[in-house]
Amino acid sequence: MSFKTFLLSMSFLYLISISVFASENTQNQPPPVYSGKIIEDPDIPPIYTGGPAEMHRFISNTLRYPSDAVEQDIQGLVVYTFVVETDGTLSNFDLIHRADPSLDAEALRILQAMPPWRPAKLNDQIVRSKSYVPMYFRLNKNARAVARANTATPASTYAKTDAEIANSQVFSIVDKMPQYPHGERELAGFIAHQIRYPKEARQQGIEGRILCSFIVAADGSISNIEVVQGLNPQLDNEAVRVLSLMSKWIPGENNGEKVNVKCLLPIDFTIDEEPIPALSLKE
């Protein structure tokens, strides 16, 4: 019986660290209304024009850290999903991981101010497609490089927790990001081969996206795997179990030195068949 276990719509994303101390409120224009099919798995995914480094530069230059958040030492991870339209503009913003209302609002303001992206393509045609950007707000990049202050949605699952690594300096974006040693395609193949769709979740027809984070240590080892945005306890645990099986990665580097880096990996669980009927007890 065949079914598609999951889909890696994006290979993996990196947290964007922010350390600016100004405050400014702006009025957000209402987003335009678009129509047309959203392609979940395009041949070429959408990307910020200029790549991740340019996007990080834009975010850093645009950010106005809310003054109340500075005064209260509020930090945290904010993740929005959105649709990249055929003209590259962003729409349909959806907050999937909250930190603090002021930080959530600032992240949305930054996304709405972004210049057009390079849109996705399917069969050489420009199409609408989803993407998302994680932003980790922190006040002092040399103090708590990886804080777990998620005030609204605490992580539900951890694996291979290494307190020593978590308490040491962990970067979110570096000169050379960590890489799976055999490439993105092999990473997707590894996860597809290892995943075992939980029976109850299949019976109930539970599908969706799980967003996990993990730390790639300076020696390439994987630790502190966490469900940032969960879906179902069984699927959450399965995602963490599979990620914990990964072998060492090629570690990230900053200023020529190997360092600890926190990464994000989205996994989509999708069933291609009718849900298995639940077993009924006979009297």
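Residue numbers count from 1 along this sequence. What you see is a predicted model, and the numbers here were worked out from it, not measured in a lab.
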Please answer whether the main-chain N or O of [Y] pairs with a side-chain N or O of [X] as donor and acceptor at a distance below 3.5 Å.
X    : Y    : result
E238 : I195 : no
N224 : F214 : no
Y180 : R185 : no

Minimal non-hydrogen separation, [X] against [Y], with atom names:
X    : Y    : value
F58  : P115 : CE1-CD, 3.8 Å
A99  : V78  : CB-CG2, 3.7 Å
G252 : V261 : CA-CG2, 4.2 Å
P42  : P45  : CG-CA, 3.9 Å
V70  : Y65  : CG2-CD2, 3.6 Å
D43  : N123 : OD2-N, 2.7 Å

- Message: Please evaluate residues D268 and D41 with respect to the criterion side-chain contact (heavy atoms from CB on, under 4.5 Å), reporting the C-alpha separation (whole Å), side-chain torsions for both, the decisive distance (0.1 Å), and the verdict.
- Response: CA-CA 11 Å; D268 287 348; D41 187 24; over 6 Å; no

Is [Y] close to [X] at the side-chain level, that is, under 4.5 Å between some pair of heavy atoms?
X    : Y    : answer
H182 : F190 : no
R109 : R64  : yes
H97  : L211 : no
L187 : M246 : yes

- Task: Show the numbers, then the answer: is there a side-chain contact (heavy atoms from CB on, under 4.5 Å) between L111 and M135?
- Result: CA-CA 10 Å; L111 291 173; M135 298 187 201; 3.8 Å; yes

Output all residues satisfying side-chain hydrogen bond (donor to acceptor under 3.5 Å, both in side chains) with [X], sequence neighbours left out; order by chain, then residue number.
X    : result
E54  : R57
Q234 : E200
D219 : S221

If you round to the nearest 0.5 Å, how far is [atom2] of [Y] from [atom1] of [X]?
X    : Y    : atom1 : atom2 : value
H193 : I191 : NE2   : CD1   : 12.5 Å
L243 : Q194 : CG    : CD    : 10.5 Å
L265 : I222 : CG    : CD1   : 10.0 Å

ILVMFWY cluster membership beyond [X] - transitive side-chain contacts under 4.5 angstrom:
X    : result
I47  : none
I126 : none
I39  : L122, V127

Could I get the full list of side chain to side chain contact (heavy atoms under 4.5 Å, CB included) partners for [X], not counting sequence neighbours?
X    : value
I210 : C212, V227, L231, L235, D236, A239, F269
D94  : T81, I96
E257 : none

- K258 bridged to E253 by N-O distance under 4.0 Å: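 Looking at K258 and E253, the cut-off is not met.
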
- Query: What is the ring orientation for W117 with F82, classed by angle as parallel under 30°, tilted 30 to 60°, or perpendicular over 60°?
  - Reply: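 Aromatic pair W117/F82 classed perpendicular.
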
- Message: Assess the residue pair R118 and I44 against the criterion (side-chain contact (heavy atoms from CB on, under 4.5 Å)); give the C-alpha distance rounded to whole Å, side-chain angles, the decisive distance to 0.1 Å, and a yes or no.
- Response: CA-CA 10 Å; R118 187 194 71 187; I44 301 176; 3.4 Å; yes

- Message: Could you go through S129 and V84, starting from their C-alpha distance and side-chain angles, then the distance that decides it, and tell me whether this counts as side-chain contact (heavy atoms from CB on, under 4.5 Å)?
- Response: CA-CA 5 Å; S129 185; V84 180; 5.6 Å; no

- Message: Grouping I, L, V, M, F, W and Y whenever their side-chain heavy atoms are under 4.5 Å apart, do V83 and M55 come out in a common cluster?
- Response: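 V83 does not cluster with M55.
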
